[in-house]
Undergrad: 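Please see the structure below; I have some questions.
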Amino acid sequence: MPVVPIYFFVTWIRNKMYDLGIKKSKTYNFPVIAVGNLSVGGTGKSPMVEYLIRLLMDKVKVATLSRGYKRETKGFQLVTAFSTVKEVGDEPLQFKSKYEDIVVAVDGDRRNGITNLQKVKPTPEVIILDDAYQHRKVTAGFYILLTSYHDLYCNDIVLPTGNLRESKKGASRADIIIVTKCPVDLSIEERKIIEKKLTIAPNQSLFFAGINYSSEIVNVSSKRSIDAVRDCSFTLVTGIANPKPLVHYYNSLALRFDHINFPDHHNFSKKELEELNTNEFIITTEKDYMRLAPYFSEEKLWYQPIEMKFIEDEISFDNQILEHIKKWDL
């Protein structure tokens, strides 16, 4: 397909212009950590951002900056407890709902967003850029690249035939590469095979992580053991890039449920909401809960919390992040 070479060439030229300094990229005198991927969606960026928030929030003043995908506003927006998904997007609202004391903002122009965050009082000391790996107008001090175990970037090609946003050579910008959504029993031998496939450079670190599902489902005011729904049926509603791990997990628990799947970041129509409301009991993802909660009763709608969990070497990962922060003498 001739479109693939064209897309490859355009993205390659763009990156080369930044690499050579023809296109200007702004650097900062404080820690900026970028989390992203080469693939389109589904690598676990939000759990990674939340992991970094938990790691840093008691040590430094943390801010996150996202694009605010599919929001209906423009420009820079600070996320508050009263923000809506339409104003700021689902993931930023999720961050603010869980971590009230950090600063959460959205701006499609990350450079402009960082400039505005520097005006916030108290000024954030560390900014985490969510899904900003390809945002070359900003040079982050530290890059974390995610790739899914079931969809390694080394096995893929660029859009539109494949799912890569840019050539796999873009992985060279990463300080840390994390293979996400791994099975918990991933063997050392398979890790070595994956490391060889990814051709990790000497200046890069490779980690493996899985998904940790909470034993409780949650709504805005209460929690409930997942075992409590074992003897009843429910509807699982997902609007994420890859719902297969969650479906597999619920099947492994022998739960009885129907699965209704929507596209990633789906904006639910009035008709869809009315149809979903005919279900007696719904479990959804945390991101989808941000979109659905205003339209459902507390008793009906719940979400499944997840966290990213390193298979091993978690302390090594933490130390690399903390050592980077220490360089700035905050």
Undergrad: Does the pair Glu312/Arg191 count as a salt bridge with the N-to-O cut at 4.0 Å?
TA: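 Salt bridge between Glu312 and Arg191, a charged N being under 4.0 Å from a carboxylate O: yes.
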Undergrad: Can Lys326 and Glu323 be said to form a salt bridge (Lys or Arg N to Asp or Glu O under 4.0 Å), step by step?
TA: CA-CA 5 Å; Lys326 287 180 182 178; Glu323 286 299 319; 3.5 Å; yes
Undergrad: Any side-chain heavy atom of Thr180 within less than 4.5 Å of one from Met48?
TA: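 No, every pair of side-chain atoms sits at 4.5 Å or beyond.
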Undergrad: Kindly indicate, with the supporting measurements, whether the criterion side chain to side chain contact (heavy atoms under 4.5 Å, CB included) is fulfilled by Ile325 and Phe142.
TA: CA-CA 10 Å; Ile325 300 300; Phe142 202 90; over 6 Å; no
Undergrad: Got a sec: does the NZ of Lys70 have more than 12 other heavy atoms crowding it under 6.0 Å?
TA: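 More than 12 within 6.0 Å, yes.
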Undergrad: Distance check, rounded to the nearest 0.5 Å: Ile282 atom CD1 versus Trp302 atom CH2?
TA: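 Separation between the atoms: 13.0 Å.
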Undergrad: Taking everything shown except Ile315 itself, do over 12 heavy atoms lie less than 6.0 Å from its CD1?
TA: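 Atom CD1 in Ile315 is not packed in, count stays at 12 or less.
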Undergrad: Under the criterion side chain to side chain contact (heavy atoms under 4.5 Å, CB included), I'd like the reasoning laid out for Leu301 against Asn219: C-alpha separation, chi angles, the key distance, then a yes or no.
TA: CA-CA 7 Å; Leu301 185 67; Asn219 66 19; over 6 Å; no
Undergrad: Just so I know, are the side chains of Pro47 and Ile211 near enough to count as touching, which here means a heavy-atom distance under 4.5 Å?
TA: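 In short, these two side chains do not touch, never coming nearer than 4.5 Å.
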Undergrad: With no hydrogens and no angle check, is any side-chain donor or acceptor of Asn242 less than 3.5 Å from a backbone partner on Gly42?
TA: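 Checked: no pair found.
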Undergrad: Kindly assign one of parallel, tilted or perpendicular to the pair Tyr69 and His265, based on the angle between their ring planes and the thresholds 30° and 60°.
TA: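 Correct class here is perpendicular.
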Undergrad: Measure the CD1-CG distance between Ile176 and Leu146 for me, rounded to the nearest 0.5 Å.
TA: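 So the CD1 of Ile176 and the CG of Leu146 are separated by 10.5 Å.
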Undergrad: Compare every heavy atom of Leu246 with every heavy atom of Tyr213, then report the nearest pair and how far apart it is.
TA: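 Minimum heavy-atom separation between Tyr213 and Leu246: OH-N, 3.2 Å.
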Undergrad: I would like to know whether Ser316 and Asn319 meet side chain to side chain donor-acceptor pair (under 3.5 Å); could you show each step before the answer?
TA: CA-CA 5 Å; Ser316 176; Asn319 286 340; over 6 Å; no
Undergrad: Check whether any side-chain heavy atom of Ile177 lies under 4.5 Å from a side-chain heavy atom of Ser205, and answer yes or no.
TA: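 No. Closest side-chain heavy atoms not under 4.5 Å.
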Undergrad: Describe, in one word, how the ring planes of Phe310 and Tyr51 are oriented to each other, choosing from parallel (under 30°), tilted (30 to 60°) and perpendicular (over 60°).
TA: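 The arrangement is perpendicular - the two ring planes meet at more than 60°.
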Undergrad: Hey, what do you get for CD1 (Ile283) to OG1 (Thr285), rounding to the nearest 0.5 Å?
TA: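 Here the interatomic distance stands at 11.5 Å.
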Undergrad: Under a 4.0 Å N-O cut-off, is there an ion pair linking Glu195 with Lys192?
TA: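 Salt bridge absent between Glu195 and Lys192.
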Undergrad: In terms of hydrophobic clustering (I, L, V, M, F, W, Y; side-chain heavy atoms under 4.5 Å; direct or indirect links), are Ile33 and Leu117 co-clustered?
TA: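 They do not share one cluster, since no chain of ILVMFWY contacts under 4.5 Å joins Ile33 to Leu117.
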Undergrad: Is Thr284 reaching over with its side chain to a backbone N or O of Val237, donor-acceptor style, under 3.5 angstrom?
TA: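 Side chain of Thr284 to backbone of Val237: a pair is present.
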Undergrad: Using modelled atom types only, decide if a donor and an acceptor are shared between the side chain of Asp109 and the backbone of Asn112 within a distance under 3.5 Å.
TA: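 Answer holds: yes.
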Undergrad: Would you say Lys96's side chain and Ile102's backbone share a donor-acceptor pair under 3.5 angstrom?
TA: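 Yes, the answer is positive, given that a donor and an acceptor are paired below the 3.5 Å cut-off.
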Undergrad: Might you work through the side chain to side chain donor-acceptor pair (under 3.5 Å) test for Lys300 and Asn277, ending with a clear yes or no?
TA: CA-CA 8 Å; Lys300 178 175 289 191; Asn277 243 317; 3.3 Å; yes
Undergrad: According to a hydrophobic-cluster definition based on side-chain heavy atoms being under 4.5 Å apart (Ile, Leu, Val, Met, Phe, Trp, Tyr only), do Phe296 and Val220 belong together?
TA: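 Yes, Phe296 connects to Val220 through the hydrophobic network.
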Undergrad: Is it the case that one hydrophobic cluster holds both Phe234 and Leu292, taking links as side-chain heavy atoms less than 4.5 Å apart, direct or via other members?
TA: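 Each belongs to a different hydrophobic cluster.
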Undergrad: Would you name the heavy atoms of Pro243 and Thr238 that are closest together and state the gap between them?
TA: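 That closest heavy-atom pairing would be CB-OG1, 3.6 Å.
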Undergrad: Say whether, by atom type as modelled, one donor and one acceptor occur between the side chain of Arg136 and the main chain of Tyr18 under 3.5 angstrom.
TA: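 Answer holds: no.
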Undergrad: Check whether any side-chain heavy atom of Ile226 sits under 4.5 Å from a side-chain heavy atom of Leu255, and report yes or no.
TA: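 Sidechains of Leu255 and Ile226: in contact.
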Undergrad: Using a 4.5 Å cut-off on heavy atoms from C-beta on, say whether the side chain of Val179 contacts that of Leu186.
TA: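 Side chain of Leu186 against side chain of Val179, heavy atoms only: no contact under 4.5 Å found.
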Undergrad: Got a list of side-chain donor-acceptor pairs under 3.5 Å for residues 55-68, not counting sequence neighbours?
TA:
unit_1 : atom_1 : unit_2 : atom_2 : d
Lys59  : NZ     : Leu55  : O      : 2.8
Ser66  : OG     : Asp130 : OD2    : 3.2

Undergrad: Pick one: which of Gln134, Glu166, Lys23 meets side-chain hydrogen bond (donor to acceptor under 3.5 Å, both in side chains) with Asn15?
TA: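 Testing each of Gln134, Glu166, Lys23 against Asn15, the sole residue satisfying side-chain hydrogen bond (donor to acceptor under 3.5 Å, both in side chains) is Glu166.
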Undergrad: Using atom types as modelled and distance alone, determine if a side-chain donor or acceptor of Thr278 lies under 3.5 Å from a backbone N or O of Glu274.
TA: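 Between the backbone of Glu274 and the side chain of Thr278 there is no qualifying donor-acceptor contact (under 3.5 Å).
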Undergrad: If every non-hydrogen atom of Ser97 is compared with every non-hydrogen atom of Met290, which pair is closest and at what distance?
TA: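 Closest approach of Ser97 to Met290, heavy atoms only: OG-SD, 3.9 Å.
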Undergrad: Would a 4.5 Å heavy-atom cut-off, applied to side chains only, mark Val10 and Arg14 as touching?
TA: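 Sidechains of Arg14 and Val10: no contact.
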Undergrad: Could you pull out the closest heavy-atom pair between Gln304 and Ser214, with the gap in Å?
TA: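 Answer, listing the atom of Gln304 first, then Ser214: NE2-O, 3.0 Å.
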Undergrad: Could you tell me if Tyr149 and Glu190 have a donor-acceptor pair between their side chains, going purely by distance under 3.5 Å?
TA: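 Indeed, the side chains of Glu190 and Tyr149 share at least one donor-acceptor pair under 3.5 Å.
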Undergrad: Does the side chain of Leu164 come within less than 4.5 Å of Thr11's, by heavy atoms?
TA: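 No; the side chains remain at least 4.5 Å from each other.
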Undergrad: Measure from the side-chain N and O atoms of Arg230 to the backbone N and O of Leu253, and report whether any donor-acceptor pair falls under 3.5 Å.
TA: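 Yes: the side chain of Arg230 pairs with the backbone of Leu253.
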Undergrad: Taking Arg291's backbone N and O only, do any of them form a donor-acceptor pair with Asp90's side chain (distance below 3.5 Å, no angle check)?
TA: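 Side chain of Asp90 to backbone of Arg291: no pair is present.
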Undergrad: Using a 3.5 Å distance criterion without hydrogens, assess whether the side chain of Lys287 forms a donor-acceptor pair with backbone atoms of Glu91.
TA: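 No.
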Undergrad: Linking I/L/V/M/F/W/Y whenever their side-chain heavy atoms sit closer than 4.5 Å, directly or via other members, would Tyr249 and Tyr289 fall into one cluster?
TA: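 No, no single cluster joins them.
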Undergrad: Should the pair Asp131-Arg165 be classified as a salt bridge under the 4.0 Å nitrogen-to-oxygen rule?
TA: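 A salt bridge links Asp131 with Arg165.
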Undergrad: Nearest 0.5 Å, please: how far is NE2 in His324 from CG in Asp175?
TA: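 Between atom CG of Asp175 and atom NE2 of His324 there are 7.5 Å.
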Undergrad: Tell me whether Val35 is reachable from Phe317 by hopping between hydrophobic residues (I, L, V, M, F, W, Y) whose side-chain heavy atoms are closer than 4.5 Å.
TA: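 Same cluster.
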Undergrad: What is the minimum heavy-atom distance between Cys154 and Leu198, and which atoms define it?
TA: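 Scanning both residues completely, I find the closest heavy atoms to be SG-CD2, 3.7 Å.
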Undergrad: Tell me whether Lys244 at atom NZ has more than 12 heavy atoms from other residues, nucleotides or ligands lying less than 6.0 Å away.
TA: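 Not buried by this count: 12 neighbours or fewer within 6.0 Å.
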Undergrad: With rounding to the nearest 0.5 Å, note down the distance linking CD in Glu50 to CG in Leu52.
TA: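 Atom-to-atom, Glu50:CD and Leu52:CG are 10.5 Å apart.
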Undergrad: Which residue pairs pass the ring-ring contact (aromatic ring centres under 6.0 Å, His included) test when at least one of the two sits in residues 86-134, sequence neighbours left out?
TA: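 For residues 86-134: Tyr133-Tyr143.
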Undergrad: Within a strict 4.5 Å, meaning less than it, do heavy atoms of the Phe30 and Ile114 side chains meet?
TA: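 In contact.
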Undergrad: Can you tell me if Asn203 has over 12 outside heavy atoms packed within less than 6.0 Å of its CG?
TA: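 For Asn203, atom CG is crowded (more than 12 foreign heavy atoms under 6.0 Å).
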Undergrad: Please check if the side chain of Thr27 supplies one atom and the backbone of Thr139 the other of a donor-acceptor pair under 3.5 Å.
TA: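 No, because the side chain of Thr27 does not come within donor-acceptor range (under 3.5 Å) of the backbone of Thr139.
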Undergrad: Please name the pair of heavy atoms, one in Glu87 and one in Arg71, separated by the smallest distance, quoted to 0.1 Å.
TA: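 Nearest heavy atoms, Glu87 then Arg71: O-CD, 3.5 Å.
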Undergrad: Might you work through the ring pair (Phe, Tyr, Trp, His ring centres under 6.0 Å) test for His266 and Phe268, ending with a clear yes or no?
TA: CA-CA 6 Å; His266 182 65; Phe268 295 92; 5.0 Å; yes
Undergrad: Near Glu298 CD, under 6.0 Å, is it more than 12 heavy atoms from other residues, nucleotides or ligands?
TA: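 Count over threshold, so yes.
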Undergrad: Which distance, rounded to the nearest 0.5 Å, do you find between the CG of Asp156 and the OG of Ser167?
TA: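 Separation between the atoms: 11.0 Å.
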